[in-house]
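Everything on this sheet refers to the single structure shown next.
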Amino acid sequence: MPIATTNPATGQTLKTYEPMSPEQIDAAIERADLAYRQLRGTTVDQRGRWLNAAADLLEAERDEIARLMTTEMGKTYASAQAEVTKCAAACRFYAAKAAEFLADEPADAGAVKATRAFVRYQPIGPVLAVMPWNFPLWQVLRFAAPALMAGNTGLLKHASNVPQTALLLEDLFRRAGFPEGAFTTLLVGSAEVDRVLSDPRVRAATLTGSEGAGRSIAQIAGRELKRTVLELGGSDPFVVMPSADLDRAAEVATTARCQNNGQSCIAAKRFIVHADVFDAFAEKFAANMAALRVGDPMESGTDVGPLASEGGRDEIHAQVRDAVDKGATVLCGGELPAGPGWFYPPTVVTDLRPEMRMWSEEVFGPVAGLYRVSSYDEAIEVANGTSFGLGSNAWTRDPQEQERFAVDLDAGNVFVNGMTTSYPELPFGGVKNSGYGRELSALGMREFCNTKTVWVGEGAASAGAGAHAE
């Protein structure tokens, strides 16, 4: 895939880049390693000042950055503006909370026969981040902010269709005051990931992307004995029970399915509705989906912009046609629009069966699968009957059902009566084929720290001095 900006609303390629040479890659890794040696010696307060400066820049340049993201991957301008604002808030969160998250944790010294015992969190070195195009700023910032605050440095291999956003991120941290090389963008293809992660100066990797990409990264990291955090695909369930507020559930379901033009790992994709309210919910949901305006993502009235690539649009249309050919019913959408750009209408498909691709595959676009179930147990069976386990949504006003969903849904995130969202304050990640490890919160910061046990016994100072005497 070429490294290029191609506007998905028009299909026009606007700018291309030459991939970095092996020599340039090596030089970038060397700069990251040197910057790590400098950054780990700085204080949390100093790193916090730099990260707050990055937040200032994001806020001051929000509209310009949002236009760039919309041009590169097609999200609506309003949602791009919101993404920039969220990134600035995450920077400020980690600048404020890092000292608390990295503070030494005292242990019971008496229990381990010590005068002092504690856990210390320290950085480990350059971390490779392999990031996707769908949230080209947020996916990177939610890794970079905690990693830099911990004293690590970052090497970014971004998706090849968002090179200008990738370069903007490198420039952002440089202008904010971080040392040269603290955050470096690698303009390389996927084939170079092995080279970078195999380099002994690179100590870990984080990836947000497909199952296949995650398996590849994990294989390399396993061979090299390096830590990884993987956030992979999702086919999130959205369960609606009889006690739910149907109007609110249908409204949120529409946003949950079509946010970011339907291209989100934590977008609700499988809508599992109890038979007692199925017809009423389906009518409301399909009407809401059909009412969304598809069009130019820069226009204020647009709800859904284009898919990020022509191949992505072709794939979801093939999944819809496969379902229809095998007996599924389309309640709205499902037809390729005429004209330029990679647009696809919000679509609702029901009467799904296991032999259809939509039953088991992630659909990465504004297409919802609607499932009828007769009981709570059947709802859980369908919800968990997938290889993925990233986010999940449950709609019920029954307190007992709420508690049961929190336990029974096999996912990294359970949102009851609300839409799955990532927050800096809460850990984020999946189970099963949706990956492992956690981003955000204190856990996300500590994923790339050396959790060091420190034990101090009586007379340790004199014993230590004697041990080194000649």
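Treat the numbers as computed from the prediction; the structure is a model and nothing was measured. Only heavy atoms go into these numbers, but all of them, side chains included; no hydrogens, no water, no symmetry mates.
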Inset, instruction - For the pair S264 (side chain) and N260 (backbone), establish whether a donor and an acceptor sit closer than 3.5 Å, ignoring hydrogens and angles. - result: no

Inset, instruction - Please answer whether the main-chain N or O of I124 pairs with a side-chain N or O of N450 as donor and acceptor at a distance below 3.5 Å. - result: no

Legend entry - Main-chain N/O of T451 paired with Q122 side-chain donor or acceptor, under 3.5 Å: no

Inset, instruction - Measure the acute angle between the ring planes of F93 and F101, then classify it against the limits of 30° and 60° as parallel, tilted or perpendicular. - result: tilted

Legend entry - Option from R31, R201, R195 for which salt bridge (charged side-chain N to carboxylate O under 4.0 Å, His left out) with D26 holds: R201

Legend entry - Backbone of P179 reached by a side-chain donor or acceptor of R174 within 3.5 Å: no

Inset, instruction - For N384 and D410, indicate whether the former's side chain and the latter's backbone hold a donor-acceptor pair under 3.5 Å. - result: yes

Inset, instruction - Please check if any side-chain donor atom of Q402 sits under 3.5 Å from a side-chain acceptor atom of T396, or the reverse. - result: no

Legend entry - Donor-acceptor contact below 3.5 Å, side chain T42 vs main chain Q38: no

Inset, instruction - Answer yes if the side chains of T165 and E72 hold a donor-acceptor pair under 3.5 Å, and no otherwise. - result: yes

Inset, instruction - Kindly assign one of parallel, tilted or perpendicular to the pair F271 and F285, based on the angle between their ring planes and the thresholds 30° and 60°. - result: tilted

Inset, instruction - Could you tell me whether R446 and E105 have a side-chain N and a carboxylate O separated by less than 4.0 Å? - result: yes

Legend entry - Test log, rule side chain to side chain contact (heavy atoms under 4.5 Å, CB included), inputs W50 and L39: CA-CA 11 Å; W50 289 331; L39 196 63; 3.7 Å; yes

Legend entry - Polar contact flag, side-chain donor to acceptor under 3.5 angstrom, R270-T386: no

Inset, instruction - For the residue pair K86 and S422, confirm or rule out a side-chain donor-acceptor distance under 3.5 Å. - result: yes

Inset, instruction - Run the salt-bridge test on K432 and E211 with the 4.0 Å N-O cut-off and return the result as yes or no. - result: no

Inset, instruction - Indicate whether any N or O donor in one side chain lies under 3.5 Å from an N or O acceptor in the other, for E299 and Y77. - result: no

Legend entry - Approximate separation, where rounding is to 0.5 Å, of E310 CD and W342 CH2: 6.5 Å

Inset, instruction - Only counting residues at least two apart or in another chain, list the ones meeting ring-ring contact (aromatic ring centres under 6.0 Å, His included) with F405. - result: Y376

Legend entry - T153 side chain near P126 side chain, heavy-atom distance below 4.5 Å: yes

Inset, instruction - Examine the side chains of N393 and T420 and answer whether a donor and an acceptor come within less than 3.5 Å of each other. - result: yes

Legend entry - 4.5 Å side-chain heavy-atom contact, D303 and T76: no

Legend entry - Any P136 side-chain heavy atom under 4.5 Å of M73 side chain: yes

Inset, instruction - Could you tell me whether the side chain of N261 and the main chain of G74 form a donor-acceptor pair under 3.5 Å? - result: yes

